[in-house]
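Take a look at the structure below.
Every heavy atom of this structure was used, including side-chain atoms; hydrogens, water molecules and symmetry mates were not. Throughout, a chain's letter reflects where its sequence line sits, starting with A, and its residues are numbered from 1.
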Amino acid sequence: MSAEKIKTEEKSLNFLEEIVENDLASGKYTSIMTRFPPEPNGYLHIGHAKSICLNFGLALKYGGRTNLRFDDTNPVKEDIEYVDSIKEDVKWLGFEWANELYASDYFETLYEYAVKLIKKGLAYVDDSSPEEIAAQKGTPTEPGKGNEYRNRSVEENLDLFARMRAGDFKDGEKVLRAKVDLASPNMHMRDPLMYRIKHADHHRTGNAWCIYPMYDFAHGQSDSIEHITHSICTVEFIPHRELYDWFIEKLEIFPSHQYEFARLNMTYTVMSKRKLLELVNDKIVDGWSDPRMPTIAALRRRGYTPESIRLFCDKIGVQKRENLIDLSLLEFCVREDLNKNATRRMAVLDPIKLIITNYPDGHVEELSGENNPEAENGGGSRPIPFSKELWIEREDFMEDPPKKFFRLGVGLTVRLKYAYIVKCTGFKKDEDGNVTEVYAEYISESRSGADSSKINVKGTIHWVSVQHALTAEVRLYDRLFKVEDPSNEEGDFKEYINPDSLQVLQKVYIEPALAAAFPGERYQFLRKGYFCVDENSTKEKLVFNRTVGLKDTWAKEAKKG
RNA sequence: UGCCCGAUAGUAUAACGGUAGUACGACAGUUUUUGGUACUGUUUGUCGUGGUUCGAAUCCAUGUCGGGCAACCA
């Protein structure tokens, strides 16, 4: 019983998978087709990643295919720059689309569809202004009213619509509307707009058109043309579904079906394109790929892996209810991946000098450090030079160490990673009371791998040899906002920006094995976290971005006092 | 207050009328040449009220709360 139960629990499907399995089992479809339909008016963010993983993941799981379709029906907001970034991001996430398509590919077909509806008496040209149309639509509690244009003849509508296309009218002078139901409790059914006039160049069709279809008269039709079986979108489109189905029914075209899920929200960030654009335009961040942003481009630059993002999308699940996912889950997912795969190196972020007083002057030993304890055979090893003077982390020494401090303090012993055990003998301060140097004696028979000292130490610290150290810049990132849900706070969301979301360390000492690090490479700096070589890093000036810190139970302990 | 969605530990997500489970987080411990990793354990939950039923998170009714909808945006 229990084994069987466990088996079925492992198989538990999300509601979209259930729908697909039912449709396949019932024979409604023999294979499925999905699509990812971004509007090229901004960069993709982690919320889109959820949609991408859902659409591509469903097709992958059930042997279907997925189109990448740009929903490019509004030329004034869209740009080729965004098309390119979107393609790059989807590819980087690890998905391959069956076809690269554009709603604008269907402009001619869509026009014919519109003509068909006019001929059926189901669409009409309206000369009203936006304000008049809005007024005539009524309110959720009062039905809308028609106007004289609603009764135009099919011939007149055909003629007017053709002239709209021909450019006989100015922007806003006329629109094409579907004749549905002005009294519908669903506002989207109160004679929705199908086409508007925009004398604007389109990034793909240039000046071929001056009328452009609205979302509701492009999206479902595009789905239908592509024989999309499961058209997955977010819950704010639920009220559109009735219209989606209405157009398909009246047009008598392939019946695609729309299903909705709740968009992703994450703590300490914002997810709307409008707000992200505002952060970019107001220079609060340094562009769409600033590593503090929730965009795919930013996460990539920050050091997140495609695997970690896919794992995250898998773990958050999918439902229709509102949600706010803990940022810590995303962080868990990167650590999970990077722990297994990131090469280990030593870097001292906040250096202080440690002098090993009983170590011979000028002597250098070449020690060996494994590249990754999680990998087979430690992932190989690299040489690490050791000498009398080392950089160690300032926080690894305390003048007055508390009881459970397993690092340096006068009289305390620690292991220098990959090297010797040392005992702290003293330190030096400047006039301001800052510790400038720490002194220690090493135990010569405690060398890593050949330790006959029988000494047990509680702590191990990282270090870099002073004369061999390389210098690098390190950028430490923290959450962009001070509050969990900035969009839900009083006032402007920008009031809640975390002023300390970026800290730049100019003088970080790193071990020489890092000399050849190239942009995009990911490392774990021992005891400090995961770091990614920035895209602008050069051999002359190495720059690292901190992806995420290691879990730090000592920091918690210390905070408790 | 018209219509539409939704409500399960702190956060997500399962349980499809039959023992409320999993993950992240938090807490405690074991191991450890990373205070990392790994492992073990603990904690906290079915929105309220009625009803149907031998049995309800699940079905029904009603209330409450949250979200969406009246762009020539998508």
Centres of the [X] and [Y] rings: under 6.0 Å?
X	Y	answer
A:Y215	A:F237	yes
A:F525	A:F531	yes
A:Y195	A:F161	yes

Separation of [N] [atom2] from [X] [atom1] (nearest whole Å):
X	N	atom1	atom2	value
A:F406	B:rG35	CZ	P	10 Å
A:R415	B:rU34	CZ	C1'	13 Å
A:Y259	B:rC4	OH	P	20 Å
A:F531	B:rG36	CZ	P	16 Å
A:E331	B:rA12	CD	C1'	16 Å
A:F261	B:rC4	CZ	P	23 Å
A:L311	B:rA23	CG	C1'	10 Å
A:H240	B:rC73	NE2	P	13 Å

Test: [X] and [Y] ion pair at under 4.0 Å:
X	Y	answer
A:K198	A:D171	no
A:R35	A:D71	no
A:E370	A:R344	no
A:E393	A:R527	no
A:R204	A:D105	yes
A:R196	A:E173	no
A:R190	A:D181	no
A:K77	A:E39	no

For the side chain of [X] and the base of [N], is some donor closer than 3.5 Å to an acceptor across the two?
X	N	answer
A:T460	B:rU34	no
A:E484	B:rG10	no
A:D326	B:rG10	yes

Please classify the nucleic acid contact of [X] as base, sugar-phosphate, or nothing, using heavy-atom distances under 4.0 Å.
X	result
A:K528	nothing
A:Y212	nothing
A:N186	nothing
A:Y215	base
A:T234	nothing
A:G449	base
A:I325	sugar-phosphate
A:Y418	base
A:P373	base
A:V175	base
A:E374	base
A:S328	sugar-phosphate
A:R344	base

How far, in whole Å, is [M] from [N] if one measures between their [atom1] atoms?
N	M	atom1	answer
B:rU1	B:rU8	P	25 Å
B:rU62	B:rA26	P	43 Å
B:rG17	B:rC59	P	9 Å
B:rU53	B:rC60	C1'	12 Å
B:rU34	B:rG48	P	48 Å
B:rA56	B:rG18	P	11 Å
B:rC47	B:rG41	C1'	31 Å
B:rC5	B:rU43	P	39 Å

ask   = Between A:Q524 and A:I238, who's closer to the 5' end of RNA chain B by nearest nucleotide?
value = A:I238
ask   = Where each residue is assigned the nucleotide of RNA chain B containing its nearest heavy atom, which of A:L526 and A:P213 is assigned the position nearer the 5′ end?
value = A:L526
Please pick, from [options], the nucleotide with the shortest atom-to-atom distance to any side-chain atom of [X].
X	options	value
A:P140	B:rG6, B:rA38, B:rA70	B:rA70
A:L324	B:rA74, B:rU11, B:rG6	B:rU11
A:E18	B:rC16, B:rG6, B:rC73	B:rC16
A:L193	B:rC72, B:rA12, B:rU34	B:rC72

query = Does the side-chain ring of A:W554 lie flat on the base of B:rG35, meaning centres under 5.5 Å and planes less than 30 degrees apart?
reply = yes
Give a yes/no answer on whether the side chain of [X] brings an N or O atom under 4.0 Å of OP1 or OP2 in [N].
X	N	value
A:R321	B:rA12	no
A:R407	B:rG35	no
A:K556	B:rC27	yes
A:S12	B:rA15	no
A:R335	B:rU34	no
A:T73	B:rA74	yes

Taking every non-hydrogen atom, the tightest pair across A:H462 and A:V348 = CD2-CG2, 4.1 Å
note = Read 5' to 3' with Watson-Crick or G-U pairs under 3.5 Å, [ ] for crossing pairs and | for partners on another strand, RNA chain B gives .((((((..((((....[..)))).(((((.......)))))....(((((..]....))))))))))).....
